[in-house]
Amino acid sequence: MDGFEKDTSVIVLAATNRPDILDPALLRPGRFDRQVVVGLPSLEERKDILLVHMRGKPIAEDVDALELAHLTPGFSGADLKNLVNEAALLAARDGEKKIRKDHFLKALDKIVLGLERPALKLSPEEKRAVAYHEAGHAVVGEVLPHADKTEKVSIVPRGMALGARWSKPEERVLVSREHLMDELSVLMAGRVAEELFTGTVTTGAQDDFKRATQLAKRMVLDWGMGEHFRNIAWGSDSGPIFLGEEIAKKKDHSEETARLIDQDIRKILDEAYARAREVLLAHAEAMHRLAEELLREETIPGERVRAILRETQAVQRAEEG
């Protein structure tokens, strides 16, 4: 940035997705004086971005950009462009002249859940375990009041997963502890369902446990939601290693503090596990019906999950009365 005359007008623009590791020298006055944070688009912004990328494409009348925007919280502009392009490719493969709503929904499944793996054949026992695992996620997600509600449940292998429960997150700026605890219970529900309804446990909960542990760590280390440390943030060390920065990072707390942090993380995870178990025991009939329907249909919408819960709860109330 040296070598320019005093009367030369030069504007330097730069972008990064890791502002936390920028050299402070770059941010001194006279260097990059303005910092503009570009966040993920809101609902209305997603609708407008979709309309831009749909322009010039043969879109069918049943496609509603606002409805698609509701289905894509957390998507960036590039993700939305990819969604439109994937839908166009699916329409072309089907020999259709227009891109219909179902093309967009299939493209969304592909992006969120991954490609289907029809060549992967599961044994009846494995398929049953996957069905109860995903049913557990869905039932706990519907029963707990602060959890994101189920959009779709599937036992079709996609990507690295043997099944999936897809929820549609609400638009949130601040996230409450109640929501985080309910989401942890949803993550734990797959393993709980295996234990309660199949009599064994499998390796299918590996990713659930990783995500739950990372979330519980952030609750304790970053957000002060632990029992022992409510007003202090130690900072989690779960981020990516960049130029050896994390390797050289020194701990800023004692071994005793580390032990208490571990206790808080364990207590949060155990509480979420116990809550998931309580919910699934109370809705065992819904679990059996949902798992059987998954084994027959392989994929069912969230509305069907809610209908099964309503039906079983009505029968239970009638029997108790």
Side-chain angles (χ1 to χ4, degrees), residues 16-27 35 37 39 74 133 136-137 140-141 143-148 160 165 167 169-170 172-196 200-282:
T16 180
N17 59 357
R18 287 297 305 271
D20 53 308
I21 52 85
L22 288 178
D23 190 320
L26 288 172
L27 305 179
Q35 298 179 41
V37 178
H133 184 107
H137 288 313
V140 173
V143 172
L144 295 183
H146 302 286
D148 292 325
M160 298 300 293
R165 176 253 181 188
S167 62
E170 296 179 13
R172 292 183 180 88
V173 178
L174 294 175
V175 183
S176 68
R177 188 180 192 276
E178 290 76 13
H179 171 71
L180 293 171
M181 289 302 300
D182 282 5
E183 287 299 312
L184 282 173
S185 293
V186 173
L187 288 170
M188 292 294 184
R191 169 56 66 84
V192 175
E194 291 179 11
E195 288 182 346
L196 292 178
T200 186
V201 295
T202 70
T203 58
Q206 176 184 356
D207 187 59
D208 297 334
F209 286 159
K210 283 183 179 179
R211 291 166 57 194
T213 304
Q214 289 170 358
L215 181 55
K217 278 184 177 180
R218 294 207 66 189
M219 290 174 68
V220 174
L221 295 173
D222 294 337
W223 301 325
M225 295 181 181
E227 180 180 346
H228 295 96
F229 306 104
R230 291 188 176 274
N231 301 310
I232 187 169
W234 294 110
S236 62
D237 55 1
S238 58
I241 294 175
F242 185 81
L243 298 181
E245 179 188 10
E246 298 295 337
I247 295 175
K249 187 175 180 180
K250 293 174 64 178
K251 281 191 175 181
D252 53 1
H253 53 265
S254 67
E255 291 300 322
E256 175 62 18
T257 297
R259 187 181 65 81
L260 294 175
I261 288 171
D262 288 342
Q263 283 184 10
D264 280 358
I265 293 170
R266 164 61 70 180
K267 183 174 181 181
I268 286 173
L269 293 174
D270 286 347
E271 182 182 334
Y273 190 93
R275 198 164 179 219
R277 184 181 178 86
E278 180 183 345
V279 169
L280 293 184
L281 284 172

Original post:
Hey, what do you get for OG1 (Thr203) to CD (Glu194), rounding to the nearest 0.5 Å?
Top reply: 8.5 Å
Original post:
Mind checking whether Trp223 and Val175 have side chains closer than 4.5 Å, heavy atoms only?
Top reply: no
Original post:
Between Leu269 and Ile265, is a side chain to side chain contact (heavy atoms under 4.5 Å, CB included) present by the stated rule, with each step listed?
Top reply: CA-CA 6 Å; Leu269 293 174; Ile265 293 170; 4.1 Å; yes
Subject >> Candidates Lys267, Arg259, Arg266 - the one meeting side-chain contact (heavy atoms from CB on, under 4.5 Å) with Gln263 >> reply: Arg259
**OP:** Report the distance from atom CD of Glu255 to atom CG of Asp262, rounding to the nearest 0.5 Å.
**Re:** 9.5 Å
**OP:** Kindly determine whether Met219 and Leu184 satisfy side chain to side chain contact (heavy atoms under 4.5 Å, CB included), including the steps that lead there.
**Re:** CA-CA 11 Å; Met219 290 174 68; Leu184 282 173; 3.7 Å; yes
**OP:** Kindly indicate, with the supporting measurements, whether the criterion side chain to side chain contact (heavy atoms under 4.5 Å, CB included) is fulfilled by Met225 and Met181.
**Re:** CA-CA 11 Å; Met225 295 181 181; Met181 289 302 300; over 6 Å; no
Original post:
Which distance, rounded to the nearest 0.5 Å, do you find between the NZ of Lys217 and the CG of Asp222?
Top reply: 11.0 Å
Original post:
Looking at side-chain heavy atoms only, is the closest gap between Arg218 and Leu180 below 4.5 Å?
Top reply: no
Original post:
Where do His137 and Leu187 come nearest, in terms of heavy atoms and distance?
Top reply: CE1-O, 3.3 Å
Subject >> Non-hydrogen atoms of Ala193 and Gly136 that approach each other most closely >> reply: CB-CA, 3.9 Å
Original post:
According to the salt bridge (charged side-chain N to carboxylate O under 4.0 Å, His left out) rule, which pairs have a member within residues 174-186, sequence neighbours left out?
Top reply: Asp182-Arg275
Original post:
Rounded to the nearest 0.5 Å, how far does CD1 of Ile261 lie from CG of Leu221?
Top reply: 5.0 Å
**OP:** For Leu280 and Ala189, work out which heavy atoms get closest and say how close.
**Re:** CD1-O, 3.7 Å
Subject >> Candidate pair Ile268 and Glu227, rule side chain to side chain contact (heavy atoms under 4.5 Å, CB included), full reasoning >> reply: CA-CA 9 Å; Ile268 286 173; Glu227 180 180 346; over 6 Å; no
Original post:
What pairs with Gln206 under side chain to side chain donor-acceptor pair (under 3.5 Å), at least two apart in sequence or on another chain?
Top reply: none
Subject >> Heavy-atom neighbours of Glu256 CD exceed 12 at 6.0 Å >> reply: yes
Original post:
Looking only at heavy atoms, which two atoms of Asp148 and Arg165 are closest? And how far apart?
Top reply: O-NH2, 2.6 Å
Original post:
Are more than 12 heavy atoms from other residues, nucleotides or ligands located less than 6.0 Å from atom CZ of Arg191?
Top reply: yes
